Amino acid sequence: MLKVTGIFKNFNKHEVLKGIDLTVNKGNVVVILGPSGSGKTTLLRCINFLEKADRGHLDFDEISLDYDTVTRKQINDVRKKTAFVFQNYNLFNNKTVLENVTEGLVYGHGVEKAKAVEIAKKAIDKVGLSDRYDYYPSQLSGGQQQRVGIARAIAIEPEVILFDEPTSALDPELIGEVLTIIRQLAKEGKTMVIVTHEMQFAREIATHVIFMEEGVIVEEGNPERVFSKPEKERTRQFLSRVLPPEYMI
Amino acid sequence: MELNYEFMVRTFGLLLQAIPVTLKLTAVTLLLATPFAFLLALARIYAVPYAAKFASAYISVMRGIPMVLQILLVYSLLPSLLNYLFKQAGIAYNIFDLDTIWYAYIIFTFSEIAVLSEVFRSALGSVGDGQIEAGLSVGMNRRTIYWRILIPQALVTALPSLCNVTVTLIKNTSLAFMMAVQDITATGKIAASYGYNYVEAYLDVFLVYIIVCSLVQIAFRISEKHLGRFRHTSQISG
């Protein structure tokens, strides 16, 4: 369904991505792991053009494009098929919870207003905030804001949802409520690419795990194998640092 | 020294009637300057080649010229220049028939463009790129994001500065008397000149400016409260 190949990205001569390949099939939950600065977030942002890769190819259903010759229309087409959940939520601060969700439907996807409200309410109910329609982001906790971020993403019914460290900015006691919702989405068979540092969560939810370091994919495979019998020394070192000992075999 | 109270009351009435001219000078200037100031701000934010350089040069130059000098230069040069050009081009219009308030609009606008563009630039910068990215990620285009998300928030941030700009401009428009525009100051001066009641007239002028500027400040405070509803709420941590 979604396939990127040979992605390269430079920031001021610093090579952040050095030829990444990534395939996401329908219903997959791909989790990207790796130390800070390994290029995970940049890869995610290159998929929906929040960052423009220098080189590489992207196939997404009927769309096929090269990053160095991509057109505005192709970018819009890809964005219509994807949604993004941000580390810092990035809610529209001047809009209520309900408006945060309808905004993209009405002004991004051309859904009629009344219909958009109906869809938005359903999405907000799903993340458990049906009593917060008219609240502004400043009146919500971080966990609630991120749940609105997720509602905004699922409302446009994207084919792939991209999660960029969705719990990294949250207080520990608020992480659970956000992970619960992502688990629920996985259960429903939503296709997702998730960058996270929550290892247990990753192991439990992923259908495919990718370990990245310094702009390349070091190792990938099904989560059981990558977590319990990593082939590469680098992966093993990383996991032993971030996982509690009882997880290591 | 004794003040002529009867004169003061009479003149005060006259000055009140001149308020619309001062407000018109201020409002038209701000309306004319806003779109250009916004474009200059965008040019600098997005570091548009040439345009950004032009914007910063323009802002520095305008900030460096005293308003009085701008008036003296433009008001003494522009009419003659236009008159000459019109003659060359065979246009029969007599430029000296033009209401001098137009020169005031032009001069104030050129200078306010520089002031406002700096206000807009910092206000737009305060909203942050995250919300633009969020808008893009749900398929909105940049123009829509600016109109619906960025500008409403930037406006609220900018209101205290805009209040400052407006009040300063109201006071600066008093220089329009140099161009024979009958604003509050000019009306006061003329009234005073008949019987040399300058002290009384200036006291009146002082009062009227205080009243006008206070009302403007109150209006700004009310709109800040109203437009900033979304952030005047108790913050829950987390």
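In this text, all values refer to a predicted model and were calculated from it rather than measured experimentally. Naming: A, B, ... by sequence-line order, numbering from 1 per chain.
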Hey, what do you get for CZ (A/Phe92) to CD1 (B/Ile149), rounding to the nearest 0.5 Å?
->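 Answer for the CZ-CD1 pair, A/Phe92 versus B/Ile149, is 4.5 Å.
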Heavy-atom neighbours of [X] [atom1] exceed 12 at 6.0 Å:
{"X": "B/Phe110", "atom1": "CZ", "value": "no"}
{"X": "A/Lys26", "atom1": "NZ", "value": "no"}
{"X": "B/Phe86", "atom1": "CZ", "value": "yes"}
{"X": "B/Gln217", "atom1": "CD", "value": "yes"}
{"X": "B/Phe220", "atom1": "CZ", "value": "yes"}
{"X": "B/Tyr50", "atom1": "OH", "value": "no"}
{"X": "A/Arg183", "atom1": "CZ", "value": "yes"}

So which bits of residues 39-50 of chain A come within less than 4.5 Å of chain B, counting non-hydrogen atoms only?
->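 Listed by number: A/Arg45, A/Asn48, A/Leu50.
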side-chain contact (heavy atoms from CB on, under 4.5 Å) assessment of B/Arg148 paired with A/Asn94 | CA-CA 9 Å; B/Arg148 301 193 48 85; A/Asn94 59 329; over 6 Å; no
Under 4.5 Å between any side-chain heavy atoms of A/Lys95 and B/Phe230, yes or no?
->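 Sidechains of B/Phe230 and A/Lys95: no contact.
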Can you find a heavy atom in the side chain of B/Val138 that is under 4.5 Å from one in the side chain of A/Arg152?
->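 The answer is yes, as the side chains (C-beta and beyond) meet within the 4.5 Å cut-off.
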Among A/Gly110, A/Ala153, A/Gly108, residue most engaged with chain B (heavy-atom pairs, under 4.5 Å) = A/Gly108
Among the listed options A/His109, A/Glu173, A/Glu103, the residue most often paired with chain B at heavy-atom distances under 4.5 Å = A/Glu103
Heavy-atom contacts under 4.5 Å, residues 129-137 of chain B to chain A = B/Gly130, B/Gln131, B/Glu133, B/Ala134, B/Gly135, B/Leu136, B/Ser137
Which region of A/Leu91, side chain (C-beta onward) or backbone (N, CA, C, O), has a non-hydrogen atom less than 4.5 Å from a non-hydrogen atom of chain B, or is it both or neither?
-> backbone
May I have the step-by-step check of side-chain contact (heavy atoms from CB on, under 4.5 Å) for A/Tyr136 and B/Arg229, ending in yes or no?
-> CA-CA 9 Å; A/Tyr136 285 100; B/Arg229 289 188 306 285; 4.2 Å; yes
